[in-house]
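Report on the following structure.
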Amino acid sequence: MPRRAEVQARPIEADAVYESPLVTQVINKVMLGGKKSLAEQIVYGALTEIGEKTGKPPIEVLEQAVKTVTPVLEVRSRRVGGANYQVPVEVPQRRARTLAVRWLVQFARERREKGMQAKLVGEILDATNQQGGAFKKKDDIYRMAQANKAFAHYRW
């Protein structure tokens, strides 16, 4: 990491089917071992299934799920005078979206449905209804930040 210049983040290209950078981000998160075509099959299949189940455009449902799971505050460890404090800080927009996508895929993997496509559908639909593991994670992190509000003056 350079000391002087700010690192420029590479823009995420839109995917071929939905022309959405968010879908590309989800595909890249689902991908394991460089098997992108398999990840694309899983995500596109999941989006198709979501469209059939909800009757809404799948991209809107996915965006709603990500928006629901996106964190506003998080805690960062800060060492002050030999003690570690959990200091609440606002989450930058880019990191917040990355965290939301990461949590959706992570908690989808932990679900009990059969097949990754069904797991992803379940987690996305749960997230839109403010349920599921990813939403719970966001809520837990927000609660922790609220509980440590007293240490907000240690923000840097």
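Quantities reported herein were computed from a predicted structural model and do not represent experimental measurements.
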Residues that [X] engages under side chain to side chain donor-acceptor pair (under 3.5 Å), provided they are two or more places apart:
X: Lys53; answer: none
X: Glu19; answer: none
X: Asn148; answer: none

Side chains of residues 25-46: which donor-acceptor pairs under 3.5 Å do they make with residues two or more places apart or in other chains?
from, atom 1, to, atom 2, distance (Å)
Asn28, OD1, Lys36, NZ, 3.0
Asn28, ND2, Thr24, O, 3.4
Tyr44, OH, Asp15, OD2, 2.8

Using salt bridge (Lys or Arg N to Asp or Glu O under 4.0 Å) as the criterion, list what pairs up with [X], not counting sequence neighbours.
X: Glu74; result: Arg76, Arg95
X: Glu90; result: none
X: Arg97; result: none
X: Lys136; result: Asp140

*Might you work through the side chain to side chain contact (heavy atoms under 4.5 Å, CB included) test for Leu22 and Val101, ending with a clear yes or no?*
CA-CA 9 Å; Leu22 179 60; Val101 172; 3.9 Å; yes
*Sequence neighbours excluded, which residues qualify as ring-ring contact (aromatic ring centres under 6.0 Å, His included) partners of Phe135?*
none
Euclidean distance, [Y] [atom2] relative to [X] [atom1], rounded to 0.5 Å:
X: Leu120; Y: Leu47; atom1: CG; atom2: CG; answer: 7.5 Å
X: Gln93; Y: Thr98; atom1: CD; atom2: OG1; answer: 10.0 Å
X: Ile59; Y: Ile50; atom1: CD1; atom2: CD1; answer: 9.5 Å
X: Met116; Y: Lys119; atom1: CE; atom2: NZ; answer: 7.0 Å
X: Lys138; Y: Leu73; atom1: NZ; atom2: CG; answer: 10.0 Å
X: Glu49; Y: Thr54; atom1: CD; atom2: OG1; answer: 10.5 Å

*Side-chain contact test, heavy atoms from C-beta onward, threshold under 4.5 Å: evaluate it for Lys149 versus Gln146 and give yes or no.*
yes
*asked:* Does anything in residues 66-115 form a ring pair (Phe, Tyr, Trp, His ring centres under 6.0 Å)? List the pairs, not counting sequence neighbours.
replied: Tyr85-Phe151, Tyr85-Tyr154
*So which pairs with a foot in residues 46-84 pass ring pair (Phe, Tyr, Trp, His ring centres under 6.0 Å), sequence neighbours left out?*
none
*Check the hydrophobic clustering (I, L, V, M, F, W, Y; side-chain heavy atoms under 4.5 Å; chains of links allowed) and say if Ile12 and Val69 are grouped together.*
no
_Heavy atoms of other groups near Glu110 CD, more than 12 under 6.0 Å_ = yes
*Please say whether more than 12 non-hydrogen atoms of neighbouring residues, nucleotides or ligands are located less than 6.0 Å from OH in Tyr142.*
no
Where is the tightest heavy-atom contact between [X] and [Y], given as atom of each residue plus distance?
X: Ile124; Y: Ala65; answer: O-CB, 3.6 Å
X: Arg94; Y: Arg10; answer: NH2-O, 3.7 Å
X: Ala14; Y: Ser20; answer: CB-N, 3.7 Å
X: Ala127; Y: Leu104; answer: CB-CD2, 3.8 Å

*asked:* Could you walk me through whether Arg111 and Asp126 satisfy the side chain to side chain contact (heavy atoms under 4.5 Å, CB included) test, starting with their C-alpha distance in whole Å, then the side-chain angles of each, then the deciding distance to 0.1 Å, before giving a yes or no?
replied: CA-CA 11 Å; Arg111 289 175 75 94; Asp126 276 358; 2.9 Å; yes
*Any side-chain donor-acceptor pair under 3.5 Å between Lys67 and Gln64?*
no
*Transitive ILVMFWY cluster of Met144, excluding itself - 4.5 Å side-chain cut-off*: Val75
